[in-house]
Protein chains: 2
Amino acid sequence: MKKGELRKQEIQEKMAKHILTNGLQSGSLRSLAQAAGTSDRMLLHYYQDKEELMTEVLTQISDNLITILEQARTVPIPFNQLVPHLYQLIKNPVVKPYIQLWLELIARASKKEEPYYSIAKQIGNSFIQYCSELIQADDEEKEKLAPLTFIIVEGIAMLDAIDFEPNINKALEGFSDFQK
Amino acid sequence: MKKGELRKQEIQEKMAKHILTNGLQSGSLRSLAQAAGTSDRMLLHYYQDKEELMTEVLTQISDNLITILEQARTVPIPFNQLVPHLYQLIKNPVVKPYIQLWLELIARASKKEEPYYSIAKQIGNSFIQYCSELIQADDEEKEKLAPLTFIIVEGIAMLDAIDFEPNINKALEGFSDFQK
DNA sequence: TTAATTATGTAGCAAGTGCTACATTTTTGT
DNA sequence: ACAAAAATGTAGCACTTGCTACATAATTAA
C-alpha cells in the first residue's frame, strides 16, 4: 500500500498538468495515460472508471488553484479596487489556464453533466468565499459584493476568451466612473 | 437548383433546432442527420465538410437570436435598469437555450478552435452592439457601458448555469446599492 | 427525348472512445 | 520462503467519429 499510493499521486499530478494545459476535451483515457507515462489499463486500475478519475483530477486542480490564490492574497481592499486586481490576476500566465478550464467546466456543468456540475458548484463557492475574504466591507455588504465580484470577473474572463481586451478596458473605465 | 436549395434550408433549420436543444456536444453528423430526417451522407452532399456545416448552422442560430432580441427590444433605458432587464431576458425559456449554447461556444473559442472562435467573436460584437442600442446615455458613455453590461450579463449567465440564483440576486442588490 | 446534373442509398474504412478478459510479473505481509 | 495481493502487459470488443467509394434513381436543361 506504500508504493502504489505514491505512484498514483505521481500519475495524478501529471494528468492534472495535462488537463490544465490541454483542456477537458483532450482528456481521453489514452491521452491521459500517455501524458502520465502509463497505460489506460493502469488508469482503470487506480480508478474505478473515468468519472472517478475526472473527479479526483479536477478536485486536485481545484486545490492547486486555491493554493495559488492564497499565495497571491493581499490584505482586504475596497470593492472598486478588487475588480481590477482580480483582472490582473486572471491575466497572469500561471492562473490563465485555470480560467480557461473553468470555462470548459461551466459549459458542461450547465447541462448538469456529472461530475462536472458538482465540481463546478464547489469551485464556484470557493471563489465567492475567496472574494468575500478580500473585500474590505462589513459582513452584510460582503454578502452582496462577493457574488458581484465573481460575476464581473467571470464576465471579463469570457470577453478575454475571445480577445476582447479593448472592450474589457472600456468596461473597467465605465466601472470606475460609477463609483463616484 | 430549386428543390435542392429549399431542402437544404429545411434540413438546416432542423439541425439548428437540434443543436439549440442538445448542444454542440451532440452535434455529430449522424445525430444531426437523424434530427433532420436525412443521412450523414446527405449532409456531406450539401456541405463540404463538418466545419462548413457548423459555420452555417451556428450562423443561422445566431441570426435567429438576433431576431428574437429585436422583438424583445424596448426603448433605451438607463444602465442600472438595463442589467435587471437583461437578466429577465436570459431567464426566458425561449432565450435560455441560446445562452447555454453561448457558454459552450465560448469554451471552444477560448482555445481558438475554428469555426467557433470566429463565430463567437461575431456574436460577441452583435451583443455589445445590441446593449449599446438599449442604453440611454451619450455615445462616449455607451462605449464604456455596453461592454460592462455584456460582462455582467455573461457573468450572471455563468452563475445561472450552476444554479446560483441566490448569489445572483444578492449581487443585483449590491449592484443597485452602488448606483447611489 | 436525351444527356448531363443532382439526389440518395448502401457499405465501409481508419481512427478514437471507455472498458474488459486473461494472463504474468512484482511487491508485500507473514 | 511462501502465499496473498497488487501492478502491469497484451488483445480485444462494441461503439462512435468524420468521411469516402461506388452505385442507382430522380430531376433538369438541351
For the pair B/Lys8 and B/Glu56, find out whether any cationic side-chain nitrogen is under 4.0 Å from an anionic carboxylate oxygen.
-> yes
Are the charged groups of A/Glu141 and A/Lys144 less than 4.0 angstrom apart, N to O?
->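 Salt bridge: no.
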Given [options], which nucleotide is nearest the side-chain atoms of [X]?
| X | options | answer |
| --- | --- | --- |
| A/His45 | D/dT17, C/dT17, D/dA6 | D/dA6 |
| A/Arg41 | D/dC22, D/dT8, D/dG18 | D/dT8 |
| A/Ser28 | D/dC19, C/dG18, C/dT10 | C/dG18 |

Answer yes if the side chains of A/Tyr47 and A/Gln12 hold a donor-acceptor pair under 3.5 Å, and no otherwise.
-> yes
Quickly work out the [X] [atom1] to [N] [atom2] distance and round it to whole Å.
| X | N | atom1 | atom2 | answer |
| --- | --- | --- | --- | --- |
| B/Tyr46 | C/dA7 | OH | C1' | 7 Å |
| B/Leu53 | D/dT17 | CG | P | 14 Å |
| A/Leu29 | D/dG12 | CG | C1' | 16 Å |
| B/Arg30 | C/dT17 | CZ | P | 16 Å |

Distance-only, no hydrogens or angles: does the B/Asp160 side chain make a donor-acceptor pair with backbone N or O of B/Ile156 under 3.5 Å?
-> no
Checking all strands, does B/Asp40 fall into the base, sugar-phosphate, or nothing category for heavy-atom contacts under 4.0 angstrom?
->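 Base, at least one base atom sits under 4.0 Å.
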Which sits closer to the 5' end of DNA chain C, B/Ser39 or A/Asp49, going by the nucleotide each is nearest to?
-> B/Ser39
